[in-house]
**Q** 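Encoded as structure tokens, here's the structure I'll be asking about.
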Amino acid sequence: MTETFADIFLSNDPDPTISYRSGLAAYQESLSRGQLVGRGWNGSGYTNPEPERFDASSHPAPQAFWVEIDGQLLRSHWQWSDFALSRCHLPAFGEAQTSHTKVENGLKAVLELRHSVRPVVVRVHTLLDGTPILTRWLEIENCSDQPAALSTAFPWSGVLQTCTYDFALSGRHPRPLSEAQIDDEASPYSVGYFIDTHWGNEGDFDWRALPRAGYRIDGRYRRGRHRHPFFVLRNHQGGEQFVGTLAWSGGYAFEFDVDDGDSREGSRLWFRAGPDGPAPLRVIAPGETVTTPEMHLGVVIGDFDDCIHALHDHLRTSVIPPQNPEHAGLVVSGIGPEQELTPELIFSEINACADAGAEVFLIDASWYTPPHGSWHATVGDWQVSFERFPGGLKPFRDYVHGKGMKFGLWMDGERVGPESRIAREHPEWLARPYSDFALSGNRPLSQAQTEGGLGGMIDLTRPEVAEWMESEIDRLIVEHELDLFRLDYNVGNIGAGAYSEQSGFIENAYWRYYEAVYGIYARLSARHKHVIFQNCASGGARTDVGMVRYFDHTWVTDWQIAPRAFSITNGMSMALPPERVDRLAGMGQSGQRTAELDFQFRLQLFVHPSLNWFHLKDAAPNAVQQARIRNAVRIYKEFVRPIHPTSRIYHHTPVVKGFEPRGWGVLELASRDRTRAVAGLFRLSDPAEPEYLLRFRGIDPGRRYRVTFDNSSESCEVDGWVLSRTGIVSRLETALTSELLIVEAVD
């Protein structure tokens, strides 16, 4: 962005009203009759005068946050206590971020409210960074001499906007509608989100019409853990698109409600967003202050690409720290437990990956397990198996460094396996499922916990367990001189999760667990600035920005098989900036099963590429295959990587239909200055038309470009006007084939 704007001002007309303006987004809220209430959003930079603000008295739940303590919803009876503005700066990469975001040239407001009945103080933090996305979180202080049970804490809620007309009256439908049709079809709103919550189906983006009723999107508690907490909500009449993402790795919920108010001639859209789990979410000790997850929310008037670009600008500006330029975007490779790891195999794969152009090589799971042992069952005993590797890891590290690559290692840090020594010695360290009271009667507690469904997750709500885990990660990094640390989290769909007993309450563990997790990875990334931190969680189970902010990039799936591989990459590059999204090509995770070779490797060019093994250990390398892989890696290094940190990604086909999607999938990645772009056209499963007309979106119509067709290596010069207005037709005759267009300005 070349220009940004952020401003917060306070007025009293007639109630204390705060107006937030960031970019072209404006949001207002007032303390009215003891309630902090949202008064409306605007996507053109305007703030409304009092007569045009939303009348909070017309809605049953207008409050701008939703906090329940000891069974009471604290929706009203708030008193203004303090209000402060401050400028903030973004710390250098690797500095500990144990609290919330700090932004260079950002502007933060803190509104302190004191409850007139309960001894509770809430501080409402709102951060502006010049993008159309605002950041909101709460601090909740227990001012009593007794523990307080926090059962609900949605950091943002209220009425987003109202509409004075709807489709039934505006002529959208060509014929009169019955009452039932109006109810089902006439809502002016639809919400886009990842509709699938299961492993291997991450990023499955689609739109759903919001009914004139409540609509709820859940993840990690009431639904599976592979749904990234992200949504886009669009108003089909006014053109506004609200985009939101929750920085939280535990259970969460987004709730929406469209209702008619007092008239069938209008509608209003209510929402709330925040963590979810069995109550209480957190027991607050006397005098203690707890901090909610951040909700990132904004409004854009424009197309879908504009909305996604605003989110990416925001995440790059004030949420995810910039990558260390010494290791940003390096091509990662490695070998995992798909094969029985032997020294001979690892040396062979180091050679193959180095020859393909990889810049990092890591050893994945089973380095700590005896030959033919279970890598999944022995996690937690983080010592090299000298039965498997008699010389330890040093020979591999030295050989990797000799090839000019960096060396990395995998760890499933937050889990211990049932066959591990640590599980036997410390069964009390295992997280406790809600069912353990019934299960543990006549059996060892560790067995009951494992069978209870938490899969060996350790209890990081216990300080001694968190200290042990952090020290083990720190030791591995130092002892093995790691250049890259890959975290995994192979804990299944744990639903309600764990609990702990706190001051006489059965407290859900999500909140206290992630307080510990975020602190651990913040300190580790600060302590080891030279190390690349890569996040993984059984694929894409923990890709939220609450977690990703402490890592250089993140694994988004374990499913590498086309055509679904496209829909995953397509969707996850909406929710996260593309340079932070990892994608694997090679024989690992069966990615070689389907699609032409170029399809597999071109898909990586739009995100951050990882390579895996290409042939069996004793087989000769395939020279034809090697040439195509090297070509894709070369394009990434020379053309894509230099523009990636500030790139724009365009989703020409944001929704691709089908569990194994059909038709065409098209992505475009362009430099911010519009001097270069790459476009990938992927023919998915049939049925599909053989031709696709591509009109570039990220180039300058007034410039001239050289266009290279990677399938044929042919080039031509074309005016930007033709590329963006008339377009180029690509023809692919067969399913699971692709074309890559490389475009660079010549003047």
**Q** Are the ring centres of F230 and F194 closer than 6.0 Å?
**A** yes
**Q** Please report the interatomic distance OG1(T543) to CG(L576), rounded to the nearest 0.5 Å.
**A** 5.5 Å
**Q** For the atom pair CD1 (I69) and OG (S144), what is the distance rounded to the nearest 0.5 Å?
**A** 9.0 Å
**Q** Parallel, tilted or perpendicular: which describes the rings of F256 and F231, with under 30° parallel and over 60° perpendicular?
**A** perpendicular
**Q** Is a side-chain donor-acceptor pair under 3.5 Å present for Q28 with S19?
**A** yes
**Q** Taking ring pair (Phe, Tyr, Trp, His ring centres under 6.0 Å) as the definition, give me every residue that meets it alongside Y510, ordered by chain and number, with sequence neighbours left out.
**A** none
**Q** Once the angle between the rings of W156 and Y27 is folded into 0 to 90°, is it parallel (under 30°), tilted (30 to 60°) or perpendicular (over 60°)?
**A** perpendicular
**Q** Are any of the side-chain nitrogens in E50 or R53 under 4.0 Å away from the carboxylate oxygens of its partner?
**A** yes
**Q** Atom CZ in R234, atom CH2 in W207: separation rounded to 0.5 Å?
**A** 4.0 Å
**Q** Report the distance from atom CD1 of I320 to atom OH of Y550, rounding to the nearest 0.5 Å.
**A** 11.5 Å
**Q** Which heavy atom in N235 sits nearest to a heavy atom in C163, and how many Å separate them?
**A** ND2-SG, 3.2 Å
**Q** Hey, are R39 and D15 close enough for a salt bridge, meaning a charged N less than 4.0 Å from a carboxylate O?
**A** no
**Q** As a test of understanding, state which of H226, H228, E414 forms a side chain to side chain contact (heavy atoms under 4.5 Å, CB included) with R542.
**A** E414
**Q** Please step through ring-ring contact (aromatic ring centres under 6.0 Å, His included) for the pair Y434 and Y499, ending with a clear verdict.
**A** CA-CA 6 Å; Y434 283 86; Y499 77 91; 5.5 Å; yes
**Q** Does R432 reach the main-chain N or O of S500 with its side chain, forming a donor-acceptor pair under 3.5 Å?
**A** no
**Q** Does any non-hydrogen side-chain atom of Y521 lie less than 4.5 Å from one of R549?
**A** no
**Q** Atom OH of Y513 and atom CG of N508: how far apart are they, to the nearest 0.5 Å?
**A** 12.5 Å
**Q** Are the charged groups of R216 and D276 less than 4.0 angstrom apart, N to O?
**A** yes
**Q** With a 4.5 Å limit on heavy-atom distance, are the side chains of R87 and L107 in contact?
**A** yes
